[in-house]
Amino acid sequence: MSDFNPISNNVKHGTERWTSRVLRIGVWISASLMITGVLIGKIIPSTMIEYSSNPTLGGLAMRMLSGSFDPVTMMFAGLVFLMFTPVFRVITALIGFGVERDWRFVAVSAVVLILLTGEIVYSMFIKG
Amino acid sequence: MPINSFVLLLLGGFVAGTFGAMLGLGGGALLIPFLVMVFDVPVHQAIATSIIAVIATSSAGAAMNLERRTVHIRLGMLLEIATVTGAILGGITANYLSAGILAKLFSGLLFLTAIAMILRARQHTAQEPIYTDGILPGSFYDDTNGKIVYYTVKKLPAAMMISIVAGNISGLLGVGGGIFKVPAMNILSGIPMKAATATSNFMIGVTAAASAFIYFAHGHLNPFISSIAALGVLAGSMTGVYISRKIKSKVLTWIFAFVLLGVSIQLFLR
């Protein structure tokens, strides 16, 4: 047996707990936004804006900040928040490993985060 | 959207999410054919919706599994480097393939999945070996026998190679890729099935997120279809986790395998 130590492995679970909470919060916020969008669209169909193409991430943020809470914006906001939820949980794990002083896995989480961030930045330059 | 379509889409998402969560597949394998065949949704839009569904199923399921400590978070993070790399490549290349080729690829994947599930169901009673001479020790409480299971990870480089392929398929076809990752972790690396399934479910959210932004940027994300289907999948996956404790998984595996076989043949002939 190399570094098999069930006792030491069993006591470090702070990262798991916090990651779980972040995922749960992400799911509830995104589901709430999507439900609100669907309900507004169903209850008041006249407010439904014609969907033509996906907004950019920046465009969506601008719509939200300008107080435009039409059904399409709410649905997109829910979907985009859901897409960001795994990114938030990678950041949480990175911080959690840092608190546990597990620097190897801080580095591993940082690589995953860099790949995801690079991919998000790349997607912002794509024209639909 | 007419109320009938709305209810049908919600129901379709619910069924896909329920079966996906029960069998650890994320729900995309059923959702894509459903959207393409019933709603005539373009394949790229169906894949984008499926990726959203995978993120929803993974996030909801992983939150529960992390609390139950069945997820090997360190192994998951390590393999994510491989799967995210594969998913990014898959997301980029998918936009250069025609809808027809994607549909054929997906039908082939469904067929292979069905065969793998039948083989798994036939070997259901086999005792899985546990190795304690590897790296990254892990443990979880197995509530079926009331014992804590200790294990370690073997053949990590091989598991990472398979994870790159799984990530690539995920980005290309909008599925979780768990059908490759779970057997790799279980058979190659000696991870107990419960931990392998939970860790795979934990990973597929990040893998799917990696390609979701690319599909979003290409304009393949239809807000009406994706939101309604995702809400159905979310409710279904919660129900699926509950039902999976009550029903024999072997029976479900057989049913699901034959459903997949039928759908794959139908999609291939389309």
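Chain letters run A, B, ... following the sequence lines, proteins first and then strands; every chain starts at 1.
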For this session: Compute the ring centroids of F140(B) and Y150(B), then answer whether they are less than 6.0 Å apart.
Result: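 Centroid separation for F140(B) and Y150(B): 6.0 Å or greater.
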Exercise. Would F81(A) and F76(A) count as a close aromatic pair, with their ring centres under 6.0 Å?
Worked result: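 For F81(A) and F76(A), the ring centres are not under 6.0 Å apart.
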Checking [X] against chain B: side chain, backbone, both or neither under 4.5 Å from a heavy atom?
X      : result
L57(A) : both
A93(A) : side chain
T19(A) : both
I35(A) : both

Atom group of [X] that falls short of 4.5 Å from chain A, counting heavy atoms:
X       : result
L231(B) : side chain
L234(B) : side chain
A230(B) : side chain

Problem set entry | Crowding at CE, M160(B) (>12 non-hydrogen neighbours, <6.0 Å) |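 Atom CE in M160(B) is packed in, count exceeds 12.
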Pick whichever of [options] has the most heavy-atom pairs under 4.5 Å with chain B.
options                           : result
L33(A), V87(A), V90(A), V112(A)   : V112(A)
V111(A), I120(A), I114(A), T85(A) : I120(A)
V27(A), L79(A), L115(A)           : L79(A)

For this session: Taking the side chain as every heavy atom from C-beta outward, state whether L136(B) and T152(B) have any pair of such atoms under 4.5 Å apart.
Result: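 They are not in contact (no side-chain heavy atoms under 4.5 Å apart), so the answer is no.
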For this session: Enumerate the residue pairs fulfilling salt bridge (Lys or Arg N to Asp or Glu O under 4.0 Å) with a member in residues 86-97 of chain A, sequence neighbours excluded, ordered by first and then second residue.
Result: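 Passing the test, one end in residues 86-97 of chain A: R89(A)-E80(B).
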For this session: Write out all pairs satisfying salt bridge (Lys or Arg N to Asp or Glu O under 4.0 Å) with one or both partners inside residues 196-223 of chain B, taking only residues at least two apart or from two chains.
Result: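 Applying salt bridge (Lys or Arg N to Asp or Glu O under 4.0 Å) to every pair that reaches into residues 196-223 of chain B, excluding sequence neighbours, yields nothing.
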Problem set entry | Pairing of E16(A) and R68(B) as salt bridge, 4.0 angstrom limit |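 Salt bridge: no.
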